[in-house]
Amino acid sequence: MVKERKERRTSLPDLEGSDVPGGVVMRIAPGPSGPLHLGHSRVAVLNDEYVKMSGGRLLNRFEDTNPEKVDPEAYRMIAEDLDWLGVEVHQTVYQSDRFQRYYDVVRALTEMGQAYVCLCDSDEWRGMKVACQACGCRGLAPEESLERLDRLLSSHYSAGEAAAVVKTAIDHPNPALRDFIALRQVDRPHPRVGDRYNVYPMMNLSVAVDDHDLGVTHVLRGKDHLNNTHRQAYIYGHLSWTKPVFIHYGLVSIPDTVLKTSVIGQGIKDGEYRGWDDVRVGTLRALARRGIRPEAIRRYWLDVGVKQVDVQVSWDGLFAMNRDIVDPESKRYFFVPDPVPVEVEFDGSTESSCPLHPDRPELGVRSHGFEGDFMVHICAEDHEELQRKGMLRLKGLCNIESGETCRHAGDDKSVSRQGVRIVQWAPEGSLPAEVLMPDGSVTPGLVEPMDASPGEVVQFERFGFVRIESVGDRVRAVFAHR
RNA sequence: GCUCCCGUAGUGUAGUGGCCAAUCAUGAGGGCCUCUCGAGCCUUCGACCCGGGUUCAAAUCCCGGCGGGAGCACCA
């Protein structure tokens with residue numbers, strides 16, 4: 001048997017049963033409680049990638065079945081985030097449009113004796129489940145359960161009093177899989193559909209019904225849904241529906257990052273964060289602001305793959321991929337943090353010359369003219385080096401010697417071989433600049449006059465890659481990575 | 001407590017019985033190159049959770065430990 005050469009993987013392993021006519025139908029199912037964060041992007045990218053591999057269709061289904069957790073703004077923000085990520089959505093579905101269908105399914109299940117309406121106290125009901133015992137409601141005749149269901153759906157009960165339950169196996173060895181709630185009453189208008197309904201489906205019901213109705217062939221999601229898959233399988237079984245292929249990947253942990261939508265939302269309310277794109281949080285809009293490209297995120301998730309092992313996101317890894325993308329197209333500029341002025345004695349005239357990109361001479365150079373004594377700013381740390389060593393090279397300009405005052409010391413580049421440090425500098429006419437760092441702090445400094453547009457990523461030499469937010473009297477930028 | 005899932009370098013990843021004294025990326029150390037602490041080139045460090053078993057041969061199969069994670073919601 002011939003073995004393939006070892007190669008770096010650039011695509012995902014084949015999906016089981018993916019050779020369906022017309023391609024696979026897959027879905028992402030965000031809960032509209034806020035914008036997408038880095039963790040969410042994995043399921044979006046992976047599903048999108050498999051759909052593209054097979055020429056199939058991707059659904060975006062908003063799981064807005066809990067009125068208490070819906071942020072009406074989130075529908076729009078999520079759509080924007082998916083678009084930014086390059087995820088191609090072929091159809092958008094709102095579960096809040098489909099409540100009647102869920103009721104009908106529960107009715108059908110009740111008729112066949114596979115669902116019931118439970119009037120027990122919820123704590124008691126849960127207690128009986130752990131003891132593998134059925135409550136009195138479970139054994140009721142379908143006709144009686146049906147009457148209860150009608151009463152539930154016509155607001156006969158108060159919230160919390162009744163719930164429609166799907167039967168599984170009350171003595172299932174896995175306590176997580178013994179009967180589950182399908183419908184419950186919530187007396188709160190829905191942000192999107194108002195007070196048309198007050199009986200809301202639980203996700204295991206709505207997800208199973210939708211995946212079936214919408215022809216989903218493959219369900220790819222995190223393994224936190226493993227038990228949900230088993231629960232949903234009962235609905236498929238009761239109704240003799242064909243199951244999709246289920247794939248579960250491992251959990252993602254993202255170090256040093258605030259991801260929880262509820263925490264960020266609260267932080268915004270409290271004024272701790274400036275918005276969903278605050279650089280300190282892990283939302284996609286924050287990463288976008290920090291100059292992270294969607295292609296880097298995609299490459300990252302493709303590299304991680306779909307294994308069931310839990311993974312820890314490596315920011316270094318993600319940044320390395322981003323650097324690959326951004327480096328060839330980033331113009332170089334001098335930014336001087338913590339600037340110190342240096343007067344230089346000079347009795348000639350000259351012009352500095354630094355390429356906009358060291359590997360792309362065709363982009364041209366940045367240059368500044370000098371005549372007679374001049375002044376530049378260098379950063380404090382380099383200034384110390386100047387005192388210590390007695391000499392420094394201003395990149396692209398000249399060498400300077402320290403003394404009572406500094407002196408122009410020729411333009412011999414080879415001094416760097418003797419250990420003279422080559423540093424960036426800011427000429428007169430430079431602009432004040434602020435670089436927003438990932439921890440929320442601001443690094444002030446001076447940046448040489450620059451020609452960059454908002455949104456563009458440039459490299460501040462010896463400082464790092466930054467995304468320009470605005471240019472004008474002052475430059476505002478956001479730090480990306482080194 | 002019960003059920004399920006997982007266990008290759010710091011972080012990811014390749015590997016499905018012999019070509020593995022284990023791949024690639026990232027990271028860390030060193031060197032070259034470059035008028036950046038970026039890029040590029042070279043180099044070093046670093047892993048198959050443990051113990052049994054099957055086999056001529058195990059990272060790969062089996063069993064048992066141990067470790068990690070998830071679920072047991074009228075959240076998704």
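First the proteins, then the strands, lettered A, B, ... as listed; each starts at 1. Atoms considered below: every heavy atom in the structure, side chains included; atoms not considered: hydrogens, waters and symmetry mates.
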**Q** Is there a Watson-Crick or G-U wobble partner for B/rU36 with both distances under 3.5 Å, and which nucleotide is it?
**A** none
**Q** Rounding to the closest angstrom, what is the interatomic distance between B/rA22 and B/rA73 at atom C1'?
**A** 45 Å
**Q** Of all residues at least two apart in sequence or in a different chain, which pass the salt bridge (Lys or Arg N to Asp or Glu O under 4.0 Å) check with A/D104?
**A** none
**Q** Show me the pairs that pass salt bridge (charged side-chain N to carboxylate O under 4.0 Å, His left out) and involve residues 157-180 of chain A, at least two apart or across chains.
**A** A/R138-A/D179
**Q** Name the orientation class of the two ring planes belonging to A/H37 and A/H40 (parallel below 30°, tilted from 30 to 60°, perpendicular beyond 60°).
**A** parallel
**Q** Listed by chain and number, what are the salt bridge (Lys or Arg N to Asp or Glu O under 4.0 Å) partners of A/D123, not counting sequence neighbours?
**A** A/R126
**Q** Starting from C1' on B/rA76, measure out to NZ on A/K260 and report it in whole angstrom.
**A** 11 Å
**Q** Below 4.0 angstrom, N of the basic side chain to O of the carboxylate: do A/D213 and A/R98 qualify?
**A** yes
**Q** Please state how far atom CZ in A/R221 lies from atom P in B/rG71, giving the value in whole angstrom units.
**A** 13 Å
**Q** Could you work out which one of B/rU13, B/rU11, B/rA76 sits closest to the side chain of A/N228?
**A** B/rA76
**Q** Quick one: what's the B/S/- string for nucleotides 32-41 of chain B, heavy-atom cutoff under 4.0 Å, read 5' to 3'?
**A** --SBBBBS--
**Q** For a quick test of your reading: what N or O donor-acceptor pairs under 3.5 Å do the side chains of residues 243-255 of chain A make, sequence neighbours left out?
**A**
from: A/H248; atom 1: NE2; to: A/T229; atom 2: OG1; distance (Å): 2.7

**Q** Given the ring of A/Y94, does A/R192 sit roughly above its face, with NZ or CZ under 6.0 Å from the centre of the six-membered ring and within 45° of the axis?
**A** yes
**Q** Atom pairs under 3.5 Å, N or O on each side, protein against nucleotides 3-9 of chain B: can you list them with distances?
**A**
from: B/rU3; atom 1: O2'; to: A/N174; atom 2: ND2; distance (Å): 2.7
from: B/rC5; atom 1: O3'; to: A/Q308; atom 2: OE1; distance (Å): 3.3
from: B/rC5; atom 1: O2'; to: A/Q308; atom 2: OE1; distance (Å): 2.4

**Q** Does the pair A/E329/A/R293 count as a salt bridge with the N-to-O cut at 4.0 Å?
**A** yes
**Q** Tell me what A/S330 touches on the nucleic acid: a base, only sugar-phosphate, or nothing, going by heavy atoms under 4.0 Å.
**A** nothing
**Q** Using a cut-off of 4.0 Å on non-hydrogen atoms, how would the nucleic acid contact of A/H248 be classed: base, sugar-phosphate, or nothing?
**A** nothing
**Q** So what does A/M202 hit on the nucleic acid, given a heavy-atom distance under 4.0 Å: a base, only sugar-phosphate, or nothing?
**A** sugar-phosphate
**Q** Tell me the interatomic distance from A/L12, atom CG, to B/rA14, atom C1', rounded to whole angstroms.
**A** 14 Å
**Q** For B/rG1, give the paired nucleotide (Watson-Crick: N1-N3 plus N6-O4 or O6-N4; G-U: N1-O2 and O6-N3; both under 3.5 Å), or none.
**A** B/rC72
**Q** Using 30° and 60° as the class limits, which term best fits the ring planes of A/H190 and A/Y200: parallel, tilted or perpendicular?
**A** parallel
**Q** Whole-Å distance between B/rA70 P and A/L251 CG?
**A** 6 Å
**Q** Between B/rA76 atom C1' and A/D71 atom CG, what is the distance in whole Å?
**A** 15 Å
**Q** Evaluate whether atom NE2 of A/H230 has more than 12 neighbouring non-hydrogen atoms of other residues, nucleotides or ligands under 6.0 angstrom away.
**A** no
**Q** Aromatic rings A/F335 and A/F460: how do their planes relate, parallel, tilted or perpendicular, breaks at 30° and 60°?
**A** parallel
**Q** Apply salt bridge (Lys or Arg N to Asp or Glu O under 4.0 Å) to A/E124 and list each qualifying residue two or more places apart in sequence or on a separate chain.
**A** none
**Q** For the residue pair A/D439 / A/S441, report whether a side-chain donor-acceptor contact shorter than 3.5 Å exists.
**A** yes
**Q** Give me the residues of residues 149-167 of chain A where at least one heavy atom lies under 4.0 Å from an atom of RNA chain B, by number, or none.
**A** A/G160
**Q** Decide whether a cation-pi geometry holds between A/R290 and A/W315; the criteria are a distance under 6.0 Å from NZ or CZ to the six-membered ring centre and an angle within 45° of the ring axis.
**A** yes
**Q** Please name the nucleotide paired to B/rU26 by Watson-Crick or G-U wobble geometry with both distances under 3.5 Å, or report none.
**A** B/rG10
**Q** Write down the distance between CD (A/Q312) and C1' (B/rG10), rounded to a whole number of angstrom.
**A** 9 Å
**Q** Tell me which residues in residues 121-130 of chain A put a heavy atom below 4.0 Å from RNA chain B, sorted by number, or none.
**A** A/S122, A/W125, A/R126
**Q** If the condition is side chain to side chain donor-acceptor pair (under 3.5 Å), which residues does A/R42 pass it with, not counting sequence neighbours?
**A** none
**Q** Taking CG from A/D224 and P from B/rC72, how many angstroms apart are they, rounded to a whole number?
**A** 10 Å
**Q** Before accepting this row, confirm whether a basic side-chain N of the pair A/E63/A/R221 lies closer than 4.0 Å to the acidic partner's carboxylate O.
**A** no
**Q** Show me the protein contacts with nucleotides 47-49 of chain B, counting only N or O atoms at under 3.5 Å.
**A**
none

**Q** A/D338: what forms a side chain to side chain donor-acceptor pair (under 3.5 Å) with it, not counting sequence neighbours?
**A** none
**Q** Rounded to whole angstroms, how far apart are CG on A/D316 and C1' on B/rU26?
**A** 7 Å
**Q** So which nucleotide does B/rA59 pair with, by the Watson-Crick or G-U wobble rule with both distances under 3.5 Å?
**A** none
**Q** Which base sits across from B/rG64 as a Watson-Crick or G-U pair, both distances under 3.5 Å?
**A** B/rC50
